[in-house]
Asker: 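First the structure, which I've put down as structure tokens, then a few questions once you've had a look.
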Amino acid sequence: MSETVIFRDDVSVELIKASASDADVIWAARVSTAGEQSMDEIGEDPARSAGLINYLARERHGSPFEHTSMTFFISAPIFVFREFMRHRIASYNEESGRYRELKPVFYIPSKERKLIQVGKTGSYTFEDGTVEQFDITVAAMKEAYLVAYDSYQKMLEAGIAREVARAVLPVATYSSMYVTMNARALMNFLSLRTAREGSHFPSYPQREIEMVAEKMEAEFAKLMPITYGAFEKSGRIAP
């Protein structure tokens, strides 16, 4: 093989750029009553208007939260991105296996990853597996990944186009993408892709996409603490 195979049990999330603050929500909301004078609110301390933000979140008046933007660079397994892209309220650009050789970086679960599904579809929980089950899982994954990547390399060396050769690679191959969301879209994403006590509409996300969501949520909480607090108070329902 031309490169060292890497096995990862984590994800990477980096906030690349942002135009997002609690003050953005305030001036966007106050245009309803103040017109062009709402722009006077841009320099104001958003803490003075925490009540307005909480009101907007509680009553689900969501459009003022859309006048924000956050761009993240994410590295995760392909199967995580396929779940991600069901959220059509964001913009995506992912690296292309048509135009570049994909690196041999593959996902394996950490020892903390629950392995056993208990219950029926739509009503189930996950439980820890045994040490033996974990070892079997990791060994089987690594074996499959090595065979797949070896086949991929053989086709590339034979002159086969990347877009054809990539078909043998598993969805556990790591990819990377930029994703841009506004605060309202991000709150919707977080409400569906994290499991939290106190959520008014409990969600049961796959753990790997939840790992991404948790890192995005931490950045959101730092950028817009009042809005984030209102999201929590409203039961983690997107406005």
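We're numbering straight along the sequence, starting at 1.
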Asker: Under the rule for salt bridge (Lys or Arg N to Asp or Glu O under 4.0 Å), what residues qualify as partners of Lys114, not counting sequence neighbours?
Answerer: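 Testing Lys114 for salt bridge (Lys or Arg N to Asp or Glu O under 4.0 Å), a comparison that skips the adjacent residues, returns Asp128.
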Asker: What pairs with Ser12 under side chain to side chain donor-acceptor pair (under 3.5 Å), at least two apart in sequence or on another chain?
Answerer: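 Counting only residues at least two positions away or on another chain, Ser12 forms a side chain to side chain donor-acceptor pair (under 3.5 Å) with Arg8.
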Asker: With sequence neighbours excluded, tell me which residues meet salt bridge (Lys or Arg N to Asp or Glu O under 4.0 Å) with Arg58.
Answerer: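 Per chain and number, Arg58 pairs via salt bridge (Lys or Arg N to Asp or Glu O under 4.0 Å) with no residue.
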Asker: Ser176: which residues meet the side chain to side chain donor-acceptor pair (under 3.5 Å) condition with it, sequence neighbours left out?
Answerer: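 Listed in chain order: Glu95.
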Asker: Determine which pairs satisfy salt bridge (charged side-chain N to carboxylate O under 4.0 Å, His left out) with at least one residue from residues 181-193, sequence neighbours left out, and list them in order.
Answerer: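 For residues 181-193: Glu66-Arg184, Glu83-Arg193.
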Asker: Just jot down the salt bridge (Lys or Arg N to Asp or Glu O under 4.0 Å) partners of Arg98, sequence neighbours excluded, or say none.
Answerer: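 Partners of Arg98 by the salt bridge (Lys or Arg N to Asp or Glu O under 4.0 Å) criterion, ordered by chain and then number, come out as Glu163.
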Asker: Applying side chain to side chain donor-acceptor pair (under 3.5 Å), can you list everything that pairs with Lys222, at least two apart in sequence or on another chain?
Answerer: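 If we apply the side chain to side chain donor-acceptor pair (under 3.5 Å) test to Lys222, skipping adjacent residues, there are no hits.
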Asker: Return all side-chain donor-acceptor pairs below 3.5 angstrom for residues 14-21, not counting sequence neighbours, or 'none' if the list is empty.
Answerer:
unit_1: Ser21; atom_1: OG; unit_2: Ala23; atom_2: N; d: 3.4
unit_1: Ser21; atom_1: OG; unit_2: Asp24; atom_2: N; d: 3.4
unit_1: Ser21; atom_1: OG; unit_2: Asp24; atom_2: OD2; d: 3.3

Asker: For the pair Tyr174 (side chain) and Lys103 (backbone), establish whether a donor and an acceptor sit closer than 3.5 Å, ignoring hydrogens and angles.
Answerer: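 Pair absent, no side-chain N/O of Tyr174 close to backbone of Lys103.
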Asker: Just list the side-chain donor-acceptor pairs under 3.5 Å for residues 133-144, sequence neighbours left out, or say none.
Answerer:
unit_1: Gln133; atom_1: OE1; unit_2: Thr130; atom_2: N; d: 2.8
unit_1: Gln133; atom_1: OE1; unit_2: Thr130; atom_2: OG1; d: 3.4
unit_1: Thr137; atom_1: OG1; unit_2: Gln133; atom_2: O; d: 2.8

Asker: Output the rest of the hydrophobic cluster of Ile237: all Ile, Leu, Val, Met, Phe, Trp and Tyr residues reachable through side-chain heavy-atom contacts under 4.5 Å, sorted by chain and number.
Answerer: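 Same cluster as Ile237: Phe201.
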Asker: With sequence neighbours excluded, tell me which residues meet salt bridge (Lys or Arg N to Asp or Glu O under 4.0 Å) with Arg166.
Answerer: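 Listed in chain order: nothing, the list is empty.
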Asker: Given a cutoff of under 4.5 Å between side-chain heavy atoms of I, L, V, M, F, W and Y, with clusters grown through shared members, what are the other residues clustered with Leu192?
Answerer: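 Under the 4.5 Å side-chain rule, Leu192 groups with nothing.
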